[in-house]
Amino acid sequence: MSKDQIKALIERHLPEAGLVDTALKGVQLFRVTEAMPCVPAVYEPTVVAILGGTKEAVLDGNHHVYGSDQYLLCPMTLPVEAGTPQASEETPLIGVVITLEPRMMRALTLDIETAAGGIKQFLGVAPSALALANWDAGFTQALLRLLQLLDTPVDLEVLGVGRLRELYYAVLMGEAGAAARRSFGVGNEIARTIDYLANHLNEQVTIDDMADHVGMSRAVFHRRFKEATTMSPIQFVKSMRLNNAAMKIAEGKTVSEAAWDVGYHSASQFSREFKRMYGQSPRQWSNGQQLATGLA
């Protein structure tokens with residue numbers, strides 16, 4: 001019943017197709033009524049909950065298709081391809097995106113680990129770069145209570161941060177909780193490296209730079225990075241740069257501007273690597289693409 005209430009609440013606040021920011025910071029509602037193929041995107045740390053239809057995210061060739069039975073956790077910034085290949089007027093994609101505020105997530109993770117009797121190590125378990133989790137009672141109730149604040153501005157102002165914290169807690173304690181705790185808890189060196197990289201995309205950051213940033217040897221860093229993201233550091237950097245460039249081109253920047261913004265100083269190198277990844281030259285992409293703006 002709670003899922004039906006959440007869906008009705010979203011439909012009431014977003015009767016037409018679109019993506020809207022709500023009065024709750026970091027919370028967006030979306031409705032998609034046209035099929036969109038998967039296109040390059042960069043996911044920030046987020047939770048995506050679907051109340052109608054299905055959505056797809058592709059990371060390093062691995063497809064994650066999910067609907068109203070599961071929610072998606074992206075615990076770190078990642079270069080992906082995302083789309084809504086089955087959306088239509090008859091079966092719209094309806095859902096909510098919640099951005100994860102790192103400081104609050106780190107504090108909650110530490111509280112949970114302390115209450116559980118110390119820091120847990122996840123030895124022998126490969127971390128999940130993208131994680132799907134079944135809706136449980138805690139997550140469903142927390143999401144409903146959070147979105148109900150949209151109907152009561154005074155409650156939203158007073159209770160908003162507390163309800164967001166409640167939702168974060170439900171994620172940390174749910175099926176995707178281990179992946180979230182790895183990214184936001186003690187020992188989250190890879191997530192910190194990715195944050196550093198995302199803020200220095202237009203600089204020539206090397207593997208040694210990234211390893212030094214978190215105090216690891218090159219070999220250990222390479223292994224830990226690939227375990228966390230499924231990609232090598234070099235592959236990840238290239239995907240981040242090219243995905244960001246593709247998004248900038250689709251949003252109206254020129255090819256040369258997009259290339260420069262993400263750290264390419266050679267137009268020919270940018271064009272070669274872009275075509276190798278997407279099967280089109282940057283100019284072909286510019287002429288033929290529309291970005292699925294904002295949907296994470």
Side-chain angles (χ1 to χ4, degrees), residues 14 16-22 25-48 50 53 55-60 64 72 74 76-87 92-100 130 194-205 231 235-296:
L14 186 59
E16 304 293 335
L19 172 77
V20 297
D21 294 316
T22 71
K25 185 178 179 180
V27 178
Q28 298 175 301
L29 308 179
F30 60 84
R31 176 195 286 258
V32 181
T33 56
E34 294 182 11
M36 290 189 243
C38 289
V39 296
V42 175
Y43 276 15
E44 301 298 333
T46 49
V47 169
V48 186
I50 304 299
K55 185 160 172 50
E56 183 172 4
V58 185
L59 176 65
D60 193 28
H64 302 263
L72 178 81
C74 178
M76 64 187 82
T77 303
L78 292 171
V80 301
E81 294 182 28
T84 59
Q86 299 180 31
L93 177 72
I94 297 170
V96 55
V97 180
I98 302 105
T99 300
L100 299 175
L130 288 177
I194 290 171
D195 285 341
Y196 172 78
L197 173 63
N199 291 319
H200 296 81
L201 265 189
N202 61 342
E203 301 174 17
Q204 297 306 307
V205 180
M231 289 181 269
Q235 182 185 4
F236 186 93
V237 170
K238 185 177 293 185
S239 294
M240 280 284 286
R241 286 189 167 134
L242 292 175
N243 278 26
N244 271 283
M247 293 168 68
K248 290 175 182 291
I249 292 169
E251 290 166 356
K253 283 205 169 187
T254 67
V255 171
S256 58
E257 286 173 337
W260 182 264
D261 283 351
V262 299
Y264 279 91
H265 297 154
S266 166
S268 59
Q269 181 188 1
F270 174 70
S271 294
R272 282 196 308 272
E273 293 186 358
F274 193 100
K275 187 169 185 178
R276 190 178 302 127
M277 179 166 284
Y278 304 127
Q280 293 179 302
S281 71
R283 297 202 183 283
Q284 288 172 322
W285 175 270
S286 176
N287 293 334
Q289 281 294 328
Q290 284 189 328
L291 186 66
T293 306
L295 287 184

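In this text, all values refer to a predicted model and were calculated from it rather than measured experimentally.
Atom NZ of K55 and atom SG of C38 lie 7.5 Å apart (nearest 0.5 Å). Taking CE from M240 and CD1 from I194, the interatomic distance works out to 7.5 Å, rounded to the nearest 0.5 Å. For the atom pair CD1 of I50 and CG of L72, the computed distance is 8.5 Å after rounding to the nearest 0.5 Å. In this structure, the separation between CG on L197 and CD on E203 is 10.0 Å, given to the nearest 0.5 Å. Rounding to the nearest 0.5 angstrom, the gap separating the OG1 atom in T77 from the CG atom in N244 is 9.5 Å. With rounding to the nearest 0.5 Å, the separation of NE2 in H265 from CH2 in W260 is 4.0 Å.
For the pair F236/D60, no side-chain contact is recorded, criterion being any heavy-atom separation below 4.5 Å from C-beta on. Contact check for V27 versus V97: no side-chain heavy atoms found under the 4.5 Å cut-off. Counting heavy atoms from C-beta outward, V39 and E81 have side chains that stay 4.5 Å or more apart. In this structure, V255 and R283 have side chains that are in contact, with non-hydrogen atoms separated by less than 4.5 Å. Counting only heavy atoms from C-beta outward, the side chains of S239 and M277 approach each other to under 4.5 Å. Between L59 and M231, the closest side-chain pair of non-hydrogen atoms falls below 4.5 Å. Contact annotation: the side chain of F30 approaches that of L93 to within less than 4.5 Å [non-hydrogen atoms, C-beta and beyond]. At a threshold of 4.5 Å between non-hydrogen side-chain atoms, the residues E44 and L100 do not count as touching.
Annotation for E257: atom CD counts as buried by contact number, over 12 foreign heavy atoms lying within 6.0 Å. By the neighbour-count criterion of 12 heavy atoms within 6.0 Å, atom CD of Q204 is densely surrounded, having more than that number from other residues, nucleotides or ligands. The local environment of CD in Q235 is crowded, with over 12 non-hydrogen atoms from other residues, nucleotides or ligands closer than 6.0 Å.
Here the closest non-hydrogen pair linking Q284 and S281 is OE1-N, 2.8 Å. Smallest separation of non-hydrogen atoms from A258 and K248: CB-CB, 4.0 Å. Nearest heavy atoms, L130 versus H64: CD1-CD2, 3.8 Å.
By the salt bridge (charged side-chain N to carboxylate O under 4.0 Å, His left out) test, K253 is found to be paired with D261, residues two or more places apart in sequence or in another chain being considered. With sequence neighbours left out, the salt bridge (charged side-chain N to carboxylate O under 4.0 Å, His left out) criterion links E56 to no other residue.
At distances below 3.5 Å, not a single donor-acceptor pair connects side-chain atoms of R241 with backbone N or O atoms of G263. Although no hydrogens or angles enter the test, the distance criterion places no donor-acceptor pair under 3.5 Å between the side chain of R31 and the main chain of G18. Panel note: side chain E273, backbone F270; no donor-acceptor pair is recorded below 3.5 Å. No donor-acceptor pair closer than 3.5 Å links the side chain of T84 to the backbone N or O of A87.
Using modelled atom types, one finds no donor on one side chain facing an acceptor on the other under 3.5 Å when comparing N243 with Y43.
Residue L29 forms a side chain to side chain contact (heavy atoms under 4.5 Å, CB included) with just one option from D21, L19, I94, V96, and that option is V96.
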